[in-house]
Amino acid sequence: MYNFCNRLAVRSHLILAPHHSHPAPLPMESALFSSSPLSAFVPRSPPSLASRPLRLLSLPFSLLIHHSPPPRGGPPLLPRRLLRRFSPAAYADADAAAASAAESRSSGDRVVARPSSELRMGRPGGSGTGVAGDEKLRSLRELFARPDVAIDAYIIPSQDAHQSEFIAECFMRRAYLTGFTGSAGTAVVTKEKAALWTDGRYFLQAEKQLSPDWILMRSGNQGVPTTSEWLNDVLPAGCRIGIDPFLFSHDAAEELKEAISKKNHELILIKDFNLVDEIWKSRPKPPGKPTRVHDIKYAGVDVLSKLSSLRSVLVENGCTAIVISMLDEVAWLLNMRGSDVPNSPVFYSYLIVEISHATLFVDNNKVTPGVLDHLKSAGVELKPYEEILSEVESLAAKGAKLWLDTSCVNAAIVSIFRSACERHFTRLATKSRKQLNNGASSDLISIKSEDIRNGIPNGLYKVSPVAIAKAVKNKAEIEGMKNSHLRDAAALSEFWCWMEQEVKNNLTLTEVAVADKLFEFRKQQEGFIDTSFDTISGYGANGAVIHYKPTSDSCSFVGTDNLFLLDSGGQYVDGTTDITRTVHFGEPSAWQKECFTRVLQGHIALDQAIFPERMPGFVLDVLARSSLWKVGLDYRHGTGHGVGAALNVHEGPQSISFRFGNLTALQNGMIVSNEPGYYEDHSFGIRIENLLLVKEVDLPNSYGGIGFLGFEKLTFVPIQSKLIDTSLLSPMEIKWVNDYHSQVWEKVSPLVNVAVRDWLWRNTSHAACWTLKSRGKMRTQLMSTCLILSISMFARPIKQQRVL
């Protein structure tokens, strides 16, 4: 990255020492508008922190001089290319505003971004005046009165029929209706009101994109009602609330049904059509690109073996079939990949696995001859995608005991299965009574009657066994993930080397241009298919929008006055990557360095964690937050999510999060992200993310015979050293940074050219000294140790470079 090592273009070890002695770092107060996922903070301004100037010891090189750093988190000014769209008077006003902002910087005043109400221009699906939004809401509400609808409110979630996080454009109903494009959110429309719920990752984005017709509900904040609580409050008793049952899991629909029943509301399942589709006249067509076979050398296990293992689990649980609706589970089980969903190599389908055979429900035009042969060899037959409901009905009519993961299988499937089971057992009961009247054995009849009483519905409602099997990677999948991460690291090293030079040459770069250039570097790598999600390229205040997506008509320029956050990933034929780095191309403030360092401390703490097996991920979440909590800071998202092997970048069921409802234990072979952060609204954002492989660790003891687990790093890209306040780090933490950068150099340097290798060397050099409060002999010994470590660590890479 640009100036990782304080712009010192030398092959030497940098030793930092205090310009003068000073007391321990001042404790930080809560940042402006900061909020915790665990509690609501009272907004207050942060204290003014004195800068801690550093002097350089033993420097046989020149130091490039920079201008004075700006105050914390000044906003990017409106680009002149956008100002040309307005009148000359507006142009002059903008110049005056720029001068005023510059004056504020020079006087040390805090500069913040414009209010979100001024940033609602150009949002998708709306004009900024609310007119288009009004029309959509008006058209939707007109449908409420139709005889075949007859509802008082309608709920529009983000998901498709498979509960996917990322979905095809034709299923982005909530985004079309609201204009809010974040991946998580639920819209509720009544005859008079419209509200949108989203989580802390998207608060700022929703503020910008929603029109005044919508009420923003900040989920998780104190006093914010749930969707059902809000409906119970704003609707009179006895109303009818409609949903599309394909877009709700069975569990979610049942929970909603129970919650609204407190006001005698009725949940209406409208399964024949979706109301948003009825008003969406220019709705895109469903995706129809062909699928492909995922090579066995990357999959590790053939389809027949996977199906055999699954059938063994079915038999053990007394089931005759299972419905699999999660797209990544279907793709993993059949060793297939697709491109129906942006950034995710999956395809729209259902899979029913029975004891003797399996059926894939998919559009036939997506199945190439090669894929068809692949499926036939595994005993998998094809049926049209739309026939899933009729097949479930048929299985129920045959008395099949179906395994259904009701946390993800949609309510339409479960509802049709329950109804078919009731009809089936009613027929059995009628038949049994006739047999009894005709003198059949009462013993036989009683057995069937018992089955009838206990078998409605005749299903097992349990988490899909495919979810865990997919999450625990085999040797081939682990190898592919490691290899793809190294190629990805090479692409990122090339990118950061390029960007550093561009900024050094004072070339103009927008957030979108940066994301596009990174795509070009990744595209050059062997086996690259696509990005694993839309690149989050956020400068300054935009970096505080946790899942920010820049657009060409509203993005900022990347400058040297604030932090730049880049969260990106790649889909490769053998693996999936996800990495975040935060950098500063100028001189960071003391506050920014302290915030960054505390985020880094949380990252290190989680990376080095050792924990007993069968431990759920939420137990570890505190490790990543502890350093921030000590000074009253936090972040509004989970710390880690699962990652698929050449599959979805967000994978369950494992996670590391403050949400303690997920009791899934971390297991050897799982992959999770490690991404603590800190976000100062309207100012800047910080996040440091690596992917980790859960692995067994060899310890001298095994208390109670329990094994212990730890993590192995998969991501190898430098962390910007100039953002680290080494006075806050312990000796162990500084050793972690140095060891990590040694690994980055050793693994990535052979994969890049000479120019990039030189950049990589500069940005993995060690800053291996820190300040202790103790004096005299201890400090002298410590400085001596640092110098010895510096020389020893410096000598090894030089030898490697000579070989290269």
Side-chain angles (χ1 to χ4, degrees), residues 300 468-483 485-486 598-630 638-643 645 651-658 660 662-676 688-716 719 729-747 766 768 770 785 789 792-793 796:
I468 290 292
K470 172 175 56 67
V472 178
K473 276 56 177 179
N474 58 50
K475 290 182 179 180
E477 290 172 327
I478 292 172
E479 186 67 21
M481 289 292 281
K482 289 182 177 181
N483 290 337
H485 273 78
L486 291 180
R598 292 190 177 278
V599 171
L600 176 61
Q601 287 176 307
H603 181 95
I604 294 172
L606 181 58
D607 178 272
Q608 293 197 313
I610 295 177
F611 50 94
E613 60 186 7
R614 301 193 294 274
M615 181 74 68
F618 78 83
V619 176
L620 304 179
D621 183 76
V622 64
L623 298 176
R625 300 179 191 270
S626 179
S627 183
L628 291 166
W629 283 355
K630 289 176 181 177
T639 300
H641 56 81
V643 180
E651 176 184 80
Q654 75 276 20
S655 69
I656 299 174
S657 173
F658 59 89
F660 51 83
N662 187 350
L663 299 178
T664 303
L666 297 179
Q667 297 183 36
N668 181 38
M670 286 182 170
I671 292 175
V672 294
S673 66
N674 175 7
E675 49 181 313
I688 304 171
E689 177 184 17
N690 285 351
L691 296 192
L692 304 174
L693 171 67
V694 182
K695 65 173 187 178
E696 296 176 348
V697 293
D698 186 18
L699 299 177
N701 303 296
S702 179
Y703 183 78
I706 297 175
F708 282 76
L709 302 172
F711 295 115
E712 176 184 345
K713 286 179 280 290
L714 296 177
T715 308
F716 295 99
I719 296 170
L729 297 183
S730 69
M732 177 276 294
E733 290 167 335
I734 288 189
K735 182 179 184 301
W736 184 96
V737 175
N738 287 338
D739 289 347
Y740 177 66
H741 280 161
S742 293
Q743 289 180 290
V744 171
W745 169 257
E746 292 169 359
K747 293 177 180 293
H766 299 161
W770 57 90
T785 303
L789 286 173
S792 63
M793 297 304 292
R796 177 184 46 73

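Nothing fancy with the numbering, it's 1 onward along the sequence. These values consider heavy atoms only, across backbone and side chains, with no hydrogens, waters or symmetry-generated copies.
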State, to 0.1 Å, how close [X] and [Y] come at their nearest heavy-atom pair, and which atoms those are.
X: K695; Y: N668; value: CA-OD1, 3.2 Å
X: T715; Y: E689; value: CG2-O, 4.4 Å
X: A476; Y: N474; value: N-OD1, 3.1 Å
X: L666; Y: Q654; value: CD2-CB, 3.9 Å

Note to self: Quiz question: by atom type and distance under 3.5 Å, do the side chains of S657 and D621 form a donor-acceptor pair?
What the structure shows: no
Next item on the list: For the residue pair Q601 and E733, confirm or rule out a side-chain donor-acceptor distance under 3.5 Å.
Entry: yes
Item checked: Over 12 foreign heavy atoms within 6.0 Å of CD, Q743 ->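 Yes - once you tally the heavy atoms of other residues, nucleotides and ligands closer than 6.0 Å, there are more than 12.
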Gap separating the [atom1] atom of [X] from the [atom2] atom of [Y], nearest 0.5 angstrom:
X: F711; Y: F611; atom1: CZ; atom2: CZ; answer: 4.0 Å
X: N483; Y: L714; atom1: CG; atom2: CG; answer: 11.0 Å
X: F716; Y: W745; atom1: CZ; atom2: CH2; answer: 15.5 Å

Notebook entry, point to check: Quick one: do K473 and E651 make a salt bridge, cutoff under 4.0 Å?
Noted result: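 Salt bridge: yes.
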Checklist line | Salt-bridge criterion met for K482 and E712 (N-O under 4.0 Å) | finding: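 Salt bridge flag = yes for E712 with K482.
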Check: For W736 and H603, what are the C-alpha separation, side-chain angles and deciding distance, and is it a ring-ring contact (aromatic ring centres under 6.0 Å, His included)?
Finding: CA-CA 11 Å; W736 184 96; H603 181 95; 5.7 Å; yes
